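Heavy atoms only: backbone and side chains are in, while hydrogens, waters and symmetry mates are out. Keep in mind that this is a model prediction, so the values were computed, not measured. Below, chains carry the letters A, B, ... as their sequence lines are ordered, and counting in each starts from 1.
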There are 2 protein chains.
Amino acid sequence: MESRRATIKDVAEAAGVGVATVSRVLSGGSASPRTRERVLAVAAQLDYRPSALGRNLRQRRTGGMGLLVPDLTDTFYGQLAEGVLACARSAGEPVVLGSTGDDPEQEAELIGMLLEQSVDRVIAVPSGGADTWGPALKAGMTIVFADRLPAEPAPDTSPARNDPADDPTGDMPERAAVADLMALDGVPLPEGRTGSGGRTASGGRTASGGAREGAARTRPLDVPAVLADDRTGIRTAVRYLRGLGHRRIAFLGGPGHGRRVAAFREAVGAPVDEELVVFATGSRDSAYAAASGLFQSRPDLTAVVTGGNVLGEAAVLAARELDLRVPRDVSLVMYDDVPWAELCSPPLTVIAQPGRDIGYRAAELVLRAGTRRPRSVVLPTELIVRGSCGPRY
Amino acid sequence: MESRRATIKDVAEAAGVGVATVSRVLSGGSASPRTRERVLAVAAQLDYRPSALGRNLRQRRTGGMGLLVPDLTDTFYGQLAEGVLACARSAGEPVVLGSTGDDPEQEAELIGMLLEQSVDRVIAVPSGGADTWGPALKAGMTIVFADRLPAEPAPDTSPARNDPADDPTGDMPERAAVADLMALDGVPLPEGRTGSGGRTASGGRTASGGAREGAARTRPLDVPAVLADDRTGIRTAVRYLRGLGHRRIAFLGGPGHGRRVAAFREAVGAPVDEELVVFATGSRDSAYAAASGLFQSRPDLTAVVTGGNVLGEAAVLAARELDLRVPRDVSLVMYDDVPWAELCSPPLTVIAQPGRDIGYRAAELVLRAGTRRPRSVVLPTELIVRGSCGPRY
DNA sequence: AACCATGATGGAATCGTTTCCATGGAATCG
DNA sequence: CGATTCCATGGAAACGATTCCATCATGGTT
């Protein structure tokens, strides 16, 4: 009863053929119909399942893919993960999961673990930058980023003031054709203002970069990505708020929202009121603190756009705590459409991005890699107007 | 630059020792301090990382653990997964993830995948019953159930009426001592009323069970589990609602809520109004339909307890759609404390269960297995009173 | 009729690790 | 001082698959 699983050798003996033949039959090689049939029958009868262990060792790679997300408690990443799993399941591939907590160090550790497991395909919502992902790339991993691109380390020149006007990413048609990644990630995240700390290693490591450093900075990683069209989403939201009469619109961002804040800056136009652009770390506490601080320091703001659903949650909570009515006192647009957005009262107006699709497409890309050089994908966002925005009074 | 990873053989040669010695040094065997030091130095210098592939093949088992949950879009399972990942990370073990969609067939498929990968430790929120998990057990897997126990197939006798009175699970002290599992899962899920279908294989397979079938039915699986104290949680909620004057209290359940509905029946007492006990499948649509149907068919009910947060969400939505005010027209208690429970207005009164802890403990159990026969764990629940319950008018 | 091409087949090497076993030297004990 | 023990050590055999390569049979061509 407790017999161990049948091996290919067992099948070969039982079928009276060599192991090579069995292997060929099972993996679609050439074999005479007679033998094929017999082998198949014996294999079925013995309930033989090829061990992934032997195969993986021989081909020096584990099948399947790794999936690295910041936090599964965030509904959006849950959706994304479901998408990845759906694709992986239909391909019959296993998925190794890791949660980084938006911490580059944990992320690096998880990458190390995947390397050890010889998992050479990874889908990641990256937290670290080139420091973290360079080694993975060099180790030959096939990587697809989802939902974000790695934050680029801030240039060493005056990180406090990144004048968005000097970024010529106007309508970026040709740059997109040449280098889709860089065009999409036009403006680096203004590290100076964020509290997203913990990237202690970056300063020290880059010292060894040498002459190529400038170029590496400009285009650190050449990795395909599946992203939502943040720029259009944010722009649509800002225009919508503008149309309602709002002029002092704040942005509440978190780690990984670099492209969104850039889009926000672009959408609101030249003189950006920097006090209205606030960042939190990944935690719910930090999000709440940031939201609360924002409302208190700038009671004159009339609308807020949040870069993710955890921030949106925090904004609702903070507003309630400070007796700000939504949308009467403050209008709110949240990034991410999550089921509970409709439960709030008023229901939250959101910028919906297709989390599940993002995951699915990313998984497709990472599986197809090798067949065809995967190119980045940008999926549309949609402004879903519910009840959390009103005219400015 | 593109050199492949160093193997143990490379280290052995570079250090001038045999591979066996390297292996011993690296896995804590005996070695002279001199050699140990040298090997360690060489290994570090070569950036050697033992390949899990070779090790796994040799020991005929993959490290790490599988994790099977119904749906990562459900915040509670997100919390649970985070707990598992936290424990796995601290043990340096990989986690292979699968999402079952509450479908026994998909679950069985995923188990097959894990078997193929030689992942012999699994944490699961089970959807299928003994049909699904028996094979896994027989294959020698170490299994720990989390959050639920497998549904037992309904006895072949009149599945429509399961008189709860004939279940003697009164206060179950001694039964718990003998068989914690069965005591906890006193009353089978009333399959007749649910729409959780899809267990097509069960009828066919069990035909081969033979004489032992009756016994197998009574105690199908001997697997440790980490559960929340559903019984106390539900009882507390029902008593709380009773104290507010509610008499017609409904229960809205989903797949896997067998123990909760049993506790509900027990808590409301002998003549259970069966129309007030309604089940949905796992999907949000089905949950909404069930909630809406319940409110419409029984407008006289004054309170609802939902067996999970997706059902709670559905109840809020359905109530709003039908112009039922919470808590004025209907009081609501939701199982699961999720961040957005506080966002609703009024904020939802919930039965909190420690999702993260459940996952963490389950992972601990599954890792410790072999050392010590793991026993089941029951974690406390807590009624968190917010604003969704009011006195009956 | 001899020869060559083709296709099916099995033996054996290989992947990177752990672990069994034999060997040799040093140390301890009688 | 001899014998016994003990420990460090390296060679080699697994683990279960894939895949290269040689072999053999067959059928068609010259």
Side-chain angles (χ1 to χ4, degrees), chain A residues 3-40 42-43 46-64 92 94 114-120 139-140, chain B residues 3-40 42-43 46-64 92 94 113 115-120 139-140:
Chain A
S3 64
R4 75 186 201 299
R5 266 167 58 187
T7 74
I8 199 176
K9 210 171 152 193
D10 300 326
V11 177
E13 277 173 20
V17 298
V19 289
T21 305
V22 176
S23 175
R24 263 182 304 244
V25 167
L26 260 29
S27 44
S30 71
S32 77
R34 253 176 44 88
T35 349
R36 151 164 282 114
E37 196 183 349
R38 189 151 36 104
V39 168
L40 252 25
V42 169
L46 258 51
D47 193 30
Y48 167 71
R49 312 193 51 155
S51 154
L53 257 36
R55 173 181 329 131
N56 292 345
L57 177 58
R58 173 62 218 241
Q59 353 206 85
R60 314 164 94 182
R61 49 177 292 263
T62 301
L114 292 176
L115 242 23
E116 188 156 325
Q117 302 291 326
S118 302
V119 174
D120 60 355
Chain B
S3 64
R4 73 187 202 301
R5 266 167 56 187
T7 75
I8 199 175
K9 210 171 152 192
D10 300 327
V11 177
E13 276 172 20
V17 298
V19 289
T21 304
V22 177
S23 175
R24 264 182 304 243
V25 166
L26 260 28
S27 44
S30 69
S32 79
R34 250 175 48 85
T35 11
R36 149 164 283 116
E37 196 183 348
R38 189 150 37 104
V39 167
L40 252 25
V42 170
L46 257 51
D47 192 31
Y48 168 71
R49 312 192 51 154
S51 154
L53 257 36
R55 175 180 330 136
N56 291 345
L57 176 57
R58 173 63 220 240
Q59 353 206 88
R60 314 164 90 179
R61 49 177 293 263
T62 300
M113 186 264 284
L115 243 24
E116 189 158 322
Q117 302 290 327
S118 301
V119 174
D120 60 355

Going by atom type alone, with no hydrogens or angles, which donor-acceptor pairs under 3.5 Å involve a side-chain atom of residues 49-56 of chain A and a protein atom two or more places apart or on another chain?
| residue | atom | partner | partner atom | Å |
| --- | --- | --- | --- | --- |
| A:Arg49 | NH2 | B:Gly112 | O | 3.3 |
| A:Arg49 | NH2 | B:Glu116 | OE1 | 3.0 |
| A:Ser51 | OG | A:Leu53 | N | 3.0 |
| A:Asn56 | ND2 | A:Ala52 | O | 3.1 |

Main-chain N/O of B:Thr62 paired with B:Ser118 side-chain donor or acceptor, under 3.5 Å: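 Absent.
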Closest approach of B:Met113 to A:Pro94 (non-hydrogen atoms, all atoms of both residues):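 For B:Met113 versus A:Pro94, the nearest heavy atoms are SD-CB, 3.5 Å.
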Extract all donor-acceptor atom pairs below 3.5 Å that involve side chains of residues 9-28 of chain B and protein atoms in other chains or at least two apart in sequence.
| residue | atom | partner | partner atom | Å |
| --- | --- | --- | --- | --- |
| B:Asp10 | OD2 | B:Thr7 | N | 2.8 |
| B:Ser27 | OG | B:Ser23 | O | 2.6 |

Could you list, one pair per line, each protein nitrogen or oxygen that sits under 3.5 Å from a nitrogen or oxygen of nucleotides 4-6 of chain C, together with the distance?
none

All pairs passing side chain to side chain donor-acceptor pair (under 3.5 Å) where residues 29-38 of chain B contributes a residue, at least two apart: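 Pairs touching residues 29-38 of chain B that pass the test: B:Ser32-B:Thr35.
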Inter-axis angle, terminal five-pair segments of the helix from C:dA1-D:dT30 to C:dG30-D:dC1 [nearest 10°]: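 The two end axes of the helix from C:dA1-D:dT30 to C:dG30-D:dC1 meet at 50°.
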Where protein sits on nucleotides 9-18 of chain D, one letter per nucleotide: B base, S sugar-phosphate only, - none, heavy atoms under 4.0 Å: BBB-BBBBBB
